[in-house]
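Read through the structure below, which is laid out as structure tokens, and then see the notes.
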Amino acid sequence: MAELFRAHRPGLVRLAVLLLGDRALAEDVVQDAFVALVRRPPLADPAAAGGYLRVSVVNGARSAQRRAAVRLRHRRAERDDGPPADAGALLGEEHREVLAAVRRLPRRQREVLVLRYWSGLSEAEIAHTLGVSRGTVKTCASRALAKLEGQLR
């Protein structure tokens with residue numbers, strides 16, 4: 001398990017950060033995925049653990065986003081929750097602009113782009129991770145790239 005953790009944790013945290021925009025929350029989601037893997041019955045194919053973890057992280061990120069949306073709806077006092085104070089120091093201006101545009105995409109399109117271009121997954125792996133067809137992955141990627149091109153001009 002320790003070797004699996006060392007091998008997959010950095011990429012899973014990066015995936016979760018790109019989906020959530022919050023490193024601390026991303027680390028919590030990844031930790032929850034590893035805890036779920038330990039608690040479940042052993043996988044029939046131990047090589048499938050990476051895929052199981054990736055699916056768990058994407059689902060955990062979705063749940064975290066839903067919880068955040070509910071909190072926002074129920075918040076009574078208005079306040080500005082800007083990006084973390086160190087966000088500007090971590091990325092160059094062009095990276096911030098691209099990431100901001102990616103975060104404005106619809107959830108499914110954002111997930112497809114993050115899994116494809118940041119995590120380097122194939123269309124088949126993305127389809128399996130998100131539980132959709134390869135055609136849906138292709139359509140989402142195409143629409144997302146077209147939307148990004150329009151936003152970044």
Side-chain angles (χ1 to χ4, degrees), residues 4-5 7-37 47-153:
L4 183 70
F5 185 80
H8 290 281
R9 183 187 173 280
L12 293 171
V13 169
R14 183 175 55 247
L15 168 64
V17 166
L18 289 166
L19 292 173
L20 295 167
D22 180 331
R23 180 157 183 99
L25 183 57
E27 288 178 353
D28 288 345
V29 166
V30 170
Q31 186 68 29
D32 290 345
F34 276 99
V35 168
L37 179 63
Y52 174 87
L53 289 167
R54 197 170 33 252
V55 169
S56 293
V57 167
V58 170
N59 288 338
R62 287 176 178 167
S63 293
Q65 288 170 327
R66 278 193 297 273
R67 286 190 301 272
V70 168
R71 278 193 305 273
L72 230 121
R73 278 195 304 270
H74 296 294
R75 187 182 292 166
R76 294 177 193 241
E78 290 292 319
R79 65 175 227 240
D80 181 24
D81 282 334
D86 64 346
L90 296 177
L91 297 170
E93 181 61 35
E94 63 278 357
H95 291 122
R96 285 193 302 273
E97 186 178 342
V98 170
L99 285 177
V102 168
R103 286 191 183 113
R104 288 190 298 267
L105 291 172
R107 184 192 82 206
R108 176 67 49 85
Q109 290 178 7
R110 182 176 59 248
E111 290 170 353
V112 167
L113 288 188
V114 167
L115 289 169
R116 177 70 186 113
Y117 295 105
W118 277 276
S119 294
L121 299 184
S122 69
E123 289 172 353
E125 291 170 320
I126 295 168
H128 175 74
T129 298
L130 299 178
V132 298
S133 70
R134 287 181 69 182
T136 299
V137 170
K138 290 177 185 181
T139 300
C140 286
S142 175
R143 289 178 180 167
L145 290 173
K147 193 174 277 191
L148 281 178
E149 183 180 4
Q151 289 180 9
L152 296 173
R153 282 191 180 174

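Side chains are part of it too, since the values below use all heavy atoms of this structure and drop only hydrogens, waters and symmetry mates. Numbering starts at 1 and runs along the sequence shown.
- Q151 places no side-chain N or O within 3.5 Å of a backbone atom of A100 that could act as its donor or acceptor partner.
- Closest heavy-atom contact between V30 and R9: CG1-CG, 4.3 Å.
- From R62, atom CZ reaches atom CG of L20 across 12.0 Å, with rounding to the nearest 0.5 Å.
- Among pairs with a residue in residues 47-56, none fulfils salt bridge (Lys or Arg N to Asp or Glu O under 4.0 Å), at least two apart in sequence or across chains.
- Looking only at side-chain heavy atoms (C-beta outward), V132 and I126 stay at 4.5 Å or farther from each other.
- Side-chain contact between V137 and L115: absent, with no pair of heavy atoms (C-beta onward) separated by less than 4.5 Å.
- Counting all heavy atoms, side chain and backbone alike, L25 lies closest to A64 at CD2-CB, 3.9 Å.
- Distance CD/Q65 to CZ/R107: 7.5 Å, rounded to 0.5 Å.
- Side-chain contact check for L130 versus T136: every heavy-atom pair is 4.5 Å or farther apart.
- How far CD of E149 is from NZ of K147: 13.5 Å, rounded to the nearest 0.5 Å.
- The CZ atom of R134 lies 7.0 Å from the OG atom of S122; values are rounded to the nearest 0.5 Å.
- Using a distance-only test at 3.5 Å, with no hydrogens or angles considered, a donor-acceptor pair links the side chain of S56 to the main chain of Y52.
- Between V57 and V29, the shortest heavy-atom contact is O-CG1, 3.6 Å.
- In terms of heavy-atom proximity, V13 sits nearest to R23 at CG1-NH1, 3.5 Å.
- Residues Y117 and V102 fail the side-chain proximity criterion, which asks for heavy atoms closer than 4.5 Å.
- To the nearest 0.5 Å, atom CG of residue L53 and atom CG of residue D32 are 12.0 Å apart.
- Minimum interatomic distance between R108 and C140 (heavy atoms only, all atoms of both residues): CG-SG, 3.4 Å.
- Taking every heavy atom of both residues into account, W118 and L99 meet most closely at CZ2-CD2, 3.9 Å.
- Rounding to the nearest 0.5 Å places CD of E27 at 12.0 Å from CG of L12.
- Residues meeting the side chain to side chain donor-acceptor pair (under 3.5 Å) test with R143, sequence neighbours left out: none.
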